[in-house]
There are 2 protein chains.
Amino acid sequence: MRIGEVARKTGVKAETIRFYEREGILTAPPRTRSNYRDYGPDEAATLTFIRRARDLGFSMPDVRELLELSNEDDRSCAEVDSLARAHLDQVERKIAALQVMRDELSRMIASCEQYTISDCRIIDTLAASHGP
Amino acid sequence: MRIGEVARKTGVKAETIRFYEREGILTAPPRTRSNYRDYGPDEAATLTFIRRARDLGFSMPDVRELLELSNEDDRSCAEVDSLARAHLDQVERKIAALQVMRDELSRMIASCEQYTISDCRIIDTLAASHGP
DNA sequence: GCTTGACCTTGTAGTGGCTACAAGGTGCAT
DNA sequence: ATGCACCTTGTAGCCACTACAAGGTCAAGC
């Protein structure tokens with residue numbers, strides 16, 4: 001199948017598929033007589049795998065490693081596990097950082113009484129209110 | 001004061017300060033005889049403002065607008081307020097998306113029993129487990 | 001006076017993970 | 001034959017920095 005069809009099936013845009021090929025994360029498929037990329041189901045499966053991993057927030061280097069590991073059937077999955085745990089940890093840190101942001105933004109907005117800029121508690125907070 | 005000192009005082013790295021100047025978000029300070037940037041307290045205050053806004057996750061275009069608004073004392077702060085609310089909204093969406101990620105990662109990791117790759121529930125999940 | 005080292009200057013390129021665009025070729029229906 | 005959707009390549013842009021190279025400046029110590 002051509003790139004557009006595999007794009008539709010996997011939810012990975014054609015431009016992104018070509019990008020993955022350039023980056024060496026997806027092996028280059030054969031070409032038709034007219035030089036179109038000609039994908040089979042294996043490539044589609046790989047792309048789905050990549051998309052799922054990306055949707056879960058794994059970095060491209062992580063995805064690369066997960067793909068490599070996924071081909072070594074008899075190996076222990078301890079590495080996969082630790083990669084996933086490390087990533088989960090990162091996600092949790094990111095959530096915590098965003099929650100701090102959210103809370104401060106909320107407080108800031110709540111304290112603003114919507115008069116003029118010179119009274120504005122939001123501008124105040126940004127300018128000097130907390131910290132040295 | 002020179003760039004290094006203002007960097008220490010504001011928590012914005014020297015390279016970043018120069019970058020802000022190039023981008024026009026910070027006005028270029030006068031220079032000493034030896035061509036060093038020579039900052040006063042106003043520039044330091046502006047940099048602190050920028051850093052706080054950035055720490056709260058505001059984008060550079062947002063910061064630019066907040067800086068402009070902060071100079072118009074008698075204007076209503078409704079715009080500031082709506083900018084902050086829109087940003088809070090974005091932060092909340094991001095948190096929600098990350099929580100979805102976190103939950104799925106947790107489930108994936110919990111289901112893995114650490115045998116071999118061919119049994120690995122993490123690899124399975126990525127390869128095909130949910131969705132068409 | 002000379003060296004050392006911390007600081008400053010400029011400009012350019014790299015990060016991640018795509019995305020957009022230009023300029024052209026192909027395939028199929030009308 | 002004409003239109004249109006699709007494909008090809010290559011290059012540049014996004015965000016907000018960050019790193020690095022190659023050199024200039026200044027104060028302290030010897």
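Note on naming: letters A, B, ... go to the chains in the order of the sequence lines (proteins, then strands), and numbering restarts at 1 for each one. Side chains included, hydrogens not; waters and symmetry mates left out as well; all remaining heavy atoms used.
- Atom P of nucleotide C:dT12 and atom CZ of B:F19 are separated by 16 Å, given to the nearest angstrom.
- Nearest to the side-chain atoms of A:K13 among the listed nucleotides C:dG17, D:dC7, C:dT19 stands C:dT19.
- One can place CE of B:M1 at 16 Å from C1' of C:dC7, the figure rounded to the nearest angstrom.
- To the nearest angstrom, C1' of C:dG17 lies 13 Å from CG of A:D55.
- Using a 4.0 Å cut-off, no side-chain N or O of B:R31 falls inside it from OP1 or OP2 of D:dG24.
- The listed nucleotides are C:dC18, D:dA16, D:dT8; the one nearest the side chain of A:R18 is D:dT8.
- The backbone N or O of A:L105 sits nowhere less than 3.5 Å from a side-chain atom of B:H87 that would complete a donor-acceptor pair.
- When rounded to the nearest whole Å, the span between CD of A:E23 and P of C:dT19 equals 13 Å.
- Comparing D:dT8, C:dT10, C:dG17 by their nearest atom to the side chain of A:R37 picks out D:dT8.
- Dashed line: the shortest gap from a side-chain N or O of A:S34 to OP1 or OP2 of C:dG27 is under 4.0 Å.
- Counted within 6.0 Å of CD on A:E65, heavy atoms from surrounding residues, nucleotides or ligands total 12 or fewer; the atom is thus considered open.
- Side chain of A:E15, nearest nucleotide from C:dG17, C:dT19, D:dC17: C:dT19.
- For the pair A:R22 and D:dG10, the criterion of a side-chain N or O lying under 4.0 Å from OP1 or OP2 is not met.
- The base of C:dG17 lies outside donor-acceptor range of the side chain of A:Y20, with no N or O pair under 3.5 Å.
- When each of B:R2 and B:T16 is assigned the nucleotide of DNA chain D bearing its nearest heavy atom, the one mapping closer to the 5' terminus is B:T16.
- Atom CZ of A:R31 has more than 12 heavy atoms from other residues, nucleotides or ligands within 6.0 Å.
- Following rounding to the nearest Å, A:R8 (CZ) and D:dC6 (C1') show an atom-to-atom distance of 9 Å.
- At whole-Å resolution of the value, CE in B:M60 and P in D:dC14 are 15 Å apart.
- In this structure, CG of B:D38 is placed 15 Å from C1' of D:dC26, rounded to the nearest angstrom.
- Summarising the geometry, the separation between CD on A:E21 and C1' on D:dG10 is reported as 14 Å, rounded to the nearest angstrom.
- The shortest distance between the side-chain N/O atoms of A:R33 and the OP1/OP2 oxygens of C:dG25 is not below 4.0 Å.
- For the pair B:E43 (side chain) and B:G40 (backbone), a donor-acceptor distance under 3.5 Å is present.
- The base of C:dG25 lies close enough to the side chain of A:Y36 for a donor and an acceptor atom to sit less than 3.5 Å apart.
- Separation of atoms CG (A:L83) and SG (A:C77) is listed at 11.5 Å; rounding is to 0.5 Å.
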